[in-house]
Colleague: 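Let me begin by handing over the structure; questions about it come next.
First the proteins, then the strands, lettered A, B, ... as listed; each starts at 1. FYI, side chains are in, hydrogens and waters are out, and symmetry mates aren't considered; it's all heavy atoms of this structure.
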Protein chains: 2
Amino acid sequence: MVQLSDVAKRAGVSTASVSRVLNHPDKVSPRIREQVTLAMEELGYVRDGAARALASRRSYSIGSVVPTIGIGIFASGVERLQQRLQEYGYQLLISTTQYDASKEMDAVRSLMERGVDGIQLVGQEHDPQIYKLLTARGIPYVNTYQYDADNEHPCIGFNNHRSAWALMRHLLELGHREVGIVTSPTRLNDRIAARLQGMLDCLKSYGIDQPASRIIEVPHRIADGRSGARALMRAHPELTAICGTADALAIGALFELHDMGLKIPSDISVAGYDDLEIGRHLDPTLTTVHVPVEQIGQRVADYLLGRIEGRSMPMKTELEANLVLRESTARPRPASVKTAAG
Amino acid sequence: MVQLSDVAKRAGVSTASVSRVLNHPDKVSPRIREQVTLAMEELGYVRDGAARALASRRSYSIGSVVPTIGIGIFASGVERLQQRLQEYGYQLLISTTQYDASKEMDAVRSLMERGVDGIQLVGQEHDPQIYKLLTARGIPYVNTYQYDADNEHPCIGFNNHRSAWALMRHLLELGHREVGIVTSPTRLNDRIAARLQGMLDCLKSYGIDQPASRIIEVPHRIADGRSGARALMRAHPELTAICGTADALAIGALFELHDMGLKIPSDISVAGYDDLEIGRHLDPTLTTVHVPVEQIGQRVADYLLGRIEGRSMPMKTELEANLVLRESTARPRPASVKTAAG
DNA sequence: TTCCAACCTGTAAGCGCTTACAGGATACGG
DNA sequence: CCGTATCCTGTAAGCGCTTACAGGTTGGAA
């Protein structure tokens with residue numbers, strides 16, 4: 001394989017000069033720069049990242065540990081992050097955890113072994129070992145998709161609790177009092193836990209002590225939203241609204257309720273959280289909370305690169321997660337009479 | 001930072017032994033293995049991947065170059081690939097091209113610099129430079145999401161042309177003759193081009209020479225499917241079916257036609273291609289072609305790892321992409337009278 | 001007992017690059 | 001014309017690991 005010294009020989013300069021035109025072109029005279037560039041092209045030189053990383057103690061890559069990219073909102077964020085990194089000559093390594101804490105630990109370890117210069121984590125509750133490792137090695141990291149002013153770690157995200165509260169308040173302001181909640185598992189998922197808590201706290205502030213039976217926990221998919229909604233309605237036919245802690249679940253609920261012969265929003269309201277693209281197209285369009293995924297991806301890149309280059313960066317950045325009012329929510333029927341079917 | 005020699009010192013053995021327990025534990029006596037393992041834990045040793053890669057000429061990572069993971073089918077495939085790699089101690093580096101050929105070249109170069117041991121590409125038409133680079137360096141690679149027996153490069157995928165043909169045949173067999181096609185750009189996208197061609201060839205085999213005006217090319221999103229369908233219907237109110245080269249477009253068409261007051265499938269049939277999760281939940285559920293994304297992801301991992309380890313692997317593996325008949329397609333109305341609205 | 005094979009372990013030579021440092025030109029002011 | 005500051009370039013010492021090779025033990029066959 002052609003290597004740096006071959007280029008140097010061909011260009012009639014030292015390896016140091018070749019390395020310089022690659023890494024600090026401004027520190028080299030135009031004449032040498034040209035010769036070297038030419039030689040590299042003629043030989044089809046591709047630099048060896050392992051050697052570069054070993055010598056420079058920088059891998060020019062960053063790692064991202066997310067629960068999943070197959071479903072939900074993370075894919076777009078990861079993509080935006082990757083694009084941004086590419087602009088700066090960095091590579092993205094990705095690992096998924098499937099919401100499994102031990103896999104998260106393994107993923108971080110694996111990324112550290114690969115020498116990533118920075119790491120994105122999702123959420124803020126992680127194995128203390130993870131923080132310890134990261135800190136010990138001095139690797140910049142950032143928690144994402146959750147903003148928490150009191151947490152001691154850097155983060156880029158939004159306030160899940162507050163925006164979920166706002167979503168629930170919207171339903172309560174419309175007049176709903178019997179609200180079912182479909183949620184994905186809250187264990188090991190602080191974002192969803194915060195959303196759920198936000199909803200419950202909001203209910204409480206309206207004097208409603210939500211019984212556990214009106215909360216159902218299911219997996220992440222649309223089909224789970226369906227079965228969740230069905231179970232909820234069977235146990236609580238009095239419900240006038242169903243709120244999901246994620247769009248996939250709300251969308252499932254929408255379909256299932258529709259199949260049960262209920263009209264949305266006239267018979268029952270439905271609201272979600274995430275603002276998936278499909279939500280604005282459904283009939284009815286889905287009321288939800290917009291999550292600024294692309295923004296997060298980009299900010300993560302900027303934050304991490306800044307830290308890597310030694311710039312001082314704000315520890316925390318809070319982004320907006322705004323309510324998006326659409327057609328799936330409306331006032332409950334004035335009478336409690338309902339045309340149930342299905 | 002604690003390094004191999006520290007572990008060796010602590011365990012009272014040579015660095016070679018430490019390296020061996022890490023890479024070839026069976027070539028080391030149990031006694032030393034234990035001592036070393038203990039020492040590593042006590043010191044919190046994390047191995048340096050750059051040094052390892054440089055010395056062993058292997059990075060234990062593979063690269064994936066996909067058009068996008070934010071929309072469409074690739075995210076799940078990438079996720080499955082990543083999971084599989086993780087099982088074998090490999091890391092996944094990902095790059096997206098946004099369907100831009102020059103970005104693909106850059107991505108491959110960047111991955112090669114990082115020393116990936118193998119590369120997944122999507123489609124089979126790539127800059128010859130890419131194949132040249134890959135071959136020159138002897139890096140295993142595989143084209144995906146397209147199976148083509150005649151192509152000279154290894155691939156793991158399905159026959160886009162044939163399954164698109166089958167999809168169109170389904171419509172024709174139902175009795176449709178006036179079919180509109182909504183497609184995403186075919187330039188630089190051989191999979192979509194093959195699907196479109198499959199549809200056109202099928203039409204031709206039924207004696208139909210599809211006029212260009214009944215084919216509309218739009219971007220990849222649901223909203224584009226909507227506008228595509230609307231434009232098609234405006235120009236060709238006689239259409240009895242709309243076929244999309246991707247589910248996102250078909251789903252957009254479904255929504256738009258519905259908004260136009262048309263009943264699906266009684267007024268007009270709609271079919272897509274990809275089998276996105278949402279398709280089976282819509283009302284009507286969407287007729288489509290199932291794409292075995294997870295299978296592809298897994299096979300890519302197995303193929304690449306096999307090649308890396310020097311095993312001989314089948315050059316080409318063809319997977320099934322089967323028709324999934326659902327509710328959105330039916331016989332056209334017997335009379336040509338139509339209740340148009342909207 | 002002797003010899004050889006089998007099995008472990010240690011020694012040390014790189015892997016291909018970056019970069020501190022030294023040294024040679026060059027330019028400019030005095 | 002000399003001294004000094006400035007700017008480039010080259011020399012060479014690693015970066016932390018893997019692995020070929022050599023050398024030492026052990027056990028069994030002769």
Colleague: Just report the end-to-end axis angle for the helix from C/dT1-D/dA30 to C/dG30-D/dC1, five pairs per end, to 10 degrees.
Modeller: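 Comparing the first five pairs with the last five, the axes sit 40° apart.
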
Colleague: Check for me whether A/Arg299 meets the cation-pi criterion with A/Tyr303, that is, NZ or CZ under 6.0 Å from the six-membered ring centre and within 45 degrees of the ring axis.
Modeller: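 No, A/Arg299 does not lie over the aromatic ring of A/Tyr303.
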
Colleague: Just the rounded figure in Å: distance from C1' of C/dT18 to CG of A/Asp48.
Modeller: 13 Å

Colleague: Which whole-number value in Å describes the distance from A/Glu113 CD to D/dC17 P?
Modeller: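 Between P of D/dC17 and CD of A/Glu113: 10 Å.
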
Colleague: For side-chain contact (heavy atoms from CB on, under 4.5 Å), just list the numbers for A/Asn23 and A/Arg47, CA-CA rounded to whole Å, side-chain angles, deciding distance to a tenth of an Å, and then say yes or no.
Modeller: CA-CA 11 Å; A/Asn23 300 303; A/Arg47 55 138 131 31; 3.2 Å; yes

Colleague: Between B/Arg307 and B/Asp302, is there a salt bridge with N-O shorter than 4.0 Å?
Modeller: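 No, no charged N to carboxylate O under 4.0 Å.
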
Colleague: Within residues 51-61 of chain A, find the residues that approach DNA chain C with a heavy atom at under 4.0 Å, and present them sorted by residue number.
Modeller: A/Ala51, A/Arg52, A/Ala55, A/Ser56

Colleague: Counting N and O atoms only, with roles assigned by atom type, does the side chain of A/Lys316 sit under 3.5 Å from a partner on the main chain of A/His153, one being a donor and the other an acceptor?
Modeller: yes

Colleague: From CZ of B/Arg114 over to P of C/dC17, roughly how many Å is that when rounded to an integer?
Modeller: 14 Å

Colleague: If I take atom CZ in residue B/Arg33 and atom P in nucleotide C/dC7, what distance separates them, rounded to the nearest angstrom?
Modeller: 15 Å

Colleague: Check each residue of residues 10-28 of chain A for a non-hydrogen atom within less than 4.0 Å of any atom in DNA chain C, then write out the ones that pass by number, or none.
Modeller: A/Ala16, A/Ser19, A/Arg20, A/Asn23, A/His24

Colleague: Are B/Asp48 and A/Arg57 ion-paired here, with the side-chain N under 4.0 Å from a carboxylate O?
Modeller: yes

Colleague: Can you tell me how far apart CD1 (A/Ile62) and CD1 (A/Ile119) are? Round to the nearest 0.5 Å.
Modeller: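 Rounded to the nearest 0.5 Å, the CD1-CD1 separation comes to 8.0 Å.
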
Colleague: Report yes if the side chains of A/Asp6 and A/Gln3 come closer than 4.5 Å at any heavy-atom pair, otherwise no.
Modeller: yes

Colleague: Using the side-chain hydrogen bond (donor to acceptor under 3.5 Å, both in side chains) rule, pick out the option among A/Gln83, A/Arg80, A/Gln86, A/Gln82 that qualifies with B/Thr96.
Modeller: A/Gln82

Colleague: Which whole-number value in Å describes the distance from B/Leu4 CG to C/dT11 P?
Modeller: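 Distance, rounded to whole Å: 14 Å.
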
Colleague: Round to a whole Å and report the spacing from CD of A/Gln3 to C1' of C/dG14.
Modeller: 12 Å

Colleague: Hey, mind stepping through A/Gln124 and A/Asp190 against side-chain hydrogen bond (donor to acceptor under 3.5 Å, both in side chains) and telling me if it holds?
Modeller: CA-CA 7 Å; A/Gln124 58 187 20; A/Asp190 48 18; 4.9 Å; no

Colleague: Using whole Å, report how far CD of B/Gln35 lies from C1' of C/dC8.
Modeller: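 Interatomic distance, CD of B/Gln35 to C1' of C/dC8: 13 Å.
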
Colleague: A/Val65 pairs by side-chain contact (heavy atoms from CB on, under 4.5 Å) with which of A/Leu93, A/Leu121, A/Asp106?
Modeller: A/Leu121

Colleague: Please confirm whether the shortest side-chain N or O distance from B/Ser29 to OP1 or OP2 of C/dT9 is below 4.0 Å.
Modeller: yes

Colleague: Nearest 0.5 Å, what's the CZ-OH distance between B/Arg114 and A/Tyr60?
Modeller: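 Going from CZ on B/Arg114 over to OH on A/Tyr60, the span is 9.5 Å.
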
